[in-house]
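All remarks here apply to the structure that follows.
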Amino acid sequence: MSEDLKRTTIAGNLEEQRRIRAEKVTAIRAVGGDPYPDRFVRSATSVELHERFAQLEPGAETAVMVSVAGRVMLRRNMGKLIFLTFQDVTGSLQLFVSQADLGEEAFAAVADIDLGDWVGAQGEVITTRKGELSVKVASLRLLTKALRPLPDKWRGLSDTDTRYRQRYVDLIVNEDARRTFRVRHQAVRSLRHQLDEEGFVEVETPVLQIEAGGAAARPFVTHHQALDQPMYLRIALELHLKRLVVGGIERVYEIGRVFRNEGISTRHNPEFTMVEVYWALANYQDMMALTERMICRAAQDAIGTYAVAHPDRPDVSIDLTPDWPRRKITELIAEHTGETVSVHDEVPRLRAVCDRLEISYEDWWGAGKLVYAIFDKKVEELLGHERPIFAYEYPAEVSPLAKPTPGDQENTDRFELFIGGKEIANGYSELNDPVRQREMFEMEVAAAGHGDVEATRTVDEDYLRALEFGLPPTGGLGVGIDRVAMLLSGQPSIREVILFPTLRPESVENTRRLATGYPDGDDADDQGPV
RNA sequence: GCGCCUCUAGCUCAAUGGCAGAGCAACGGACUCUUAAUCCGCAGGUUCUGGGUUCGAAUCCCAGGGGGCGCACCA
């Protein structure tokens, strides 16, 4: 069996296509060419030319010379005339390549260009007889040889696993993927602009922490060698940002990655991006208004409308137009379950309500956790399907960092924003009484003792020390950036708005196949069951 | 973690117990105005892996792996 035949037998047609492209690389080098040259000076992008020459008649010549560059996506070979359609970051454009213009030798080189190659071309802007805007190529350079073939030019790449693992291919061939990440970028930029304009200072705080606090979630654990010290990846931004408010940064925010060692779903990725905002002298009402300003502006900047597609119902859209309703969670519970409950009710009565609604609970839960469970299990998913809604006045028992509602120690001035049945944002008037904060921490430690793996296990003494220096009245807010991106891009899965979502590792054999260099005769020998 | 669905050529998909196929991509050829170019020809397979049932398995069964969806989990 010859080497080539064996290779083909083992790895199939992919190896044949890669071999042929690799041989072109060799051939280019053999005549002193460079298949991976240095820079190319581009004078115009495809979209700039489409905009500037939108009105040309068919068959027009402009005498305007341009340099363009991009990846070859389509090729139509007519013999002595070749049409190439390339794609750059702005869009795509046709190259008109005539043997009469280039001469036989240069034309033959263009005929060797494969789909997926990067090329740079220089020539006159024209339209064809059919009116297609084109660059009539006077010279064309290979800028990068692609060794692997692109997916089907018409159907693209649809296998979700491959799309996520090989996002580079997804982005090359799927316009919807490019659009999604453009929307995400514009939304993030918009949030940042809004906060900057309102005088907020952007900061960065530690990702590696001695104790992960600020939320109820199981953290990722790692280890610092030099300190010989276990460390945690942060699960929230909150406690460090409030230390900065103590330090006098009265308006502060961070856009950053947080990590939660929990289940993966269409709405949860182990690492995700939050923006948290803290505003001295403000309260939770101010933060609701700020949330609304931020998301409304993001919608306008990213998609130019207040009408967003419903994540689960293709035929429905959600209207983001201000002002969004604000309702107490107990009112929403009554409205959607018919049960009148209060955090001041006796525990047995609340347990009876949970039993009626078929909600399970732990025997150590107080009234706050029970009321919250009712809201969480029976009401949340029903909220925000026509327009966003703020729910507020959450039990203190489930809000250990929030300030009590004036005159009601069992409730807090906390809110959550729901859009399309999903939680998008969470905020409150910050608890700034260090004595009460210590009590709340100790309650959490007790919950951890009950087996609550998400409860904070230690009292954050440094945070309490900071509070003792005086945290002014402060409003705080956390927004899940990924969920905003899902909302605005109309994507039903968080994996669609994260460039490289968390996946199981690829199989060894598959990784091997994908990572194998070429040409290299040894690889093929190692792979197969020869 | 549990349940359901799914895995066939580089890509997108057929073949439902009886010869593994098509389109695109590739390769050879024709073609100076195409638009997913067209036309002729040719090649490409560990049907995810391992067992089993059967005269015969891509197809049925069991186990494992990847993925999707749902549930559980998720202040």
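In what follows, chains carry the letters A, B, and so on, assigned in the order in which the sequence lines appear, proteins first and then strands, with residues in each chain numbered from 1. Just so we're clear, the structure is a prediction, and the values are computed from it rather than from any experiment.
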Exercise. Answer with base, sugar-phosphate or nothing: what part of the nucleic acid does A/Phe96 contact at a heavy-atom distance below 4.0 Å?
Key: base
Quiz item: Does the side chain of A/Thr85 pick up a donor-acceptor pair with the side chain of A/Arg76 at under 3.5 Å?
Solution: yes
Quiz item: A/Gly427 near the nucleic acid: base, sugar-phosphate alone, or nothing, with a heavy-atom cut-off under 4.0 Å?
Solution: nothing
Practice problem: Would you please confirm or rule out a distance under 4.0 Å between OP1 or OP2 of B/A37 and any side-chain N or O of A/Thr85? | Solution: no
Quiz item: Base, sugar-phosphate alone, or nothing: which one does A/Gly59 contact when heavy atoms must sit under 4.0 Å apart?
Solution: nothing
Exercise. Could you check whether A/Glu238 gets within reach of a base, just the sugar-phosphate, or nothing at all, counting any heavy atom under 4.0 Å?
Key: nothing
Quiz item: Within the structure shown, what part of the strands sits under 4.0 Å from A/Arg260 by heavy-atom distance: base, sugar-phosphate, or nothing?
Solution: nothing
Self-check item: Distance below 4.0 Å between A/Arg495 side-chain N/O and B/G68 OP1 or OP2
Solution: yes
Practice problem: Look at all strands and tell whether A/Gln94 reaches a base, only sugar-phosphate, or nothing, counting heavy atoms closer than 4.0 Å. | Solution: base
Practice problem: Using a heavy-atom cut-off of under 4.0 Å over every strand shown, decide if A/Ala402 touches base, sugar-phosphate, or nothing. | Solution: nothing
Exercise. Describe the nucleic acid contact of A/Lys377 in one word from base, sugar-phosphate, nothing, applying a heavy-atom distance below 4.0 Å.
Key: sugar-phosphate
Quiz item: So A/Tyr394 and A/Tyr372, would you call those rings parallel, tilted or perpendicular, with 30° and 60° as cut-offs?
Solution: tilted
Practice problem: Determine the Euclidean distance between corresponding C1' atoms of B/U16 and B/U59; express it in Å to zero decimal places. | Solution: 5 Å
Exercise. Assign A/Glu132 to base, sugar-phosphate, or nothing according to its heavy-atom contacts below 4.0 angstrom with the strands shown.
Key: base
Quiz item: Given side chains that start at C-beta, do those of A/Phe415 and A/Leu477 come closer than 4.5 Å, heavy atoms only?
Solution: yes
Exercise. For this output row, return yes or no: ring centroids of A/Tyr164 and A/Phe500 closer than 6.0 angstrom.
Key: no
Self-check item: Stem segments of RNA chain B by first residue number [Watson-Crick or G-U, under 3.5 Å, at least 3]
Solution: B:1-7 with B:65-71, B:10-13 with B:21-24, B:27-30 with B:38-41, B:48-52 with B:60-64
Quiz item: In chain order, what residues pass the side chain to side chain contact (heavy atoms under 4.5 Å, CB included) check against A/Gln491, with sequence neighbours excluded?
Solution: A/Asp176, A/Arg179, A/Thr180, A/Ser489, A/Glu496, A/Val497
Exercise. Kindly say if A/Ser98 contacts the phosphate of B/U32, meaning a side-chain N or O under 4.0 Å from OP1 or OP2.
Key: no
With the criterion being N/O to N/O and under 3.5 Å, what pairs connect the protein with nucleotides 21-25 of chain B, and how long is each?
residue: B/G23; atom: N2; partner: A/Asp152; partner atom: OD2; Å: 2.6
residue: B/C24; atom: O3'; partner: A/Lys153; partner atom: NZ; Å: 3.4
residue: B/C24; atom: O2; partner: A/Asp152; partner atom: OD2; Å: 3.4
residue: B/A25; atom: OP1; partner: A/Lys153; partner atom: NZ; Å: 2.6
residue: B/A25; atom: N1; partner: A/Asn13; partner atom: ND2; Å: 3.2
residue: B/A25; atom: N3; partner: A/Gln17; partner atom: NE2; Å: 3.0

Quiz item: When all nucleic acid strands are considered with a 4.0 Å heavy-atom cut-off, which category describes A/Ser399: base, sugar-phosphate, or nothing?
Solution: nothing
Quiz item: For A/Arg504 and B/G65, is the shortest distance between a side-chain N/O and OP1 or OP2 below 4.0 Å?
Solution: no
Quiz item: Looking at A/Thr266, does any N or O in its side chain come under 4.0 Å of the phosphate oxygens OP1/OP2 on B/G70?
Solution: yes
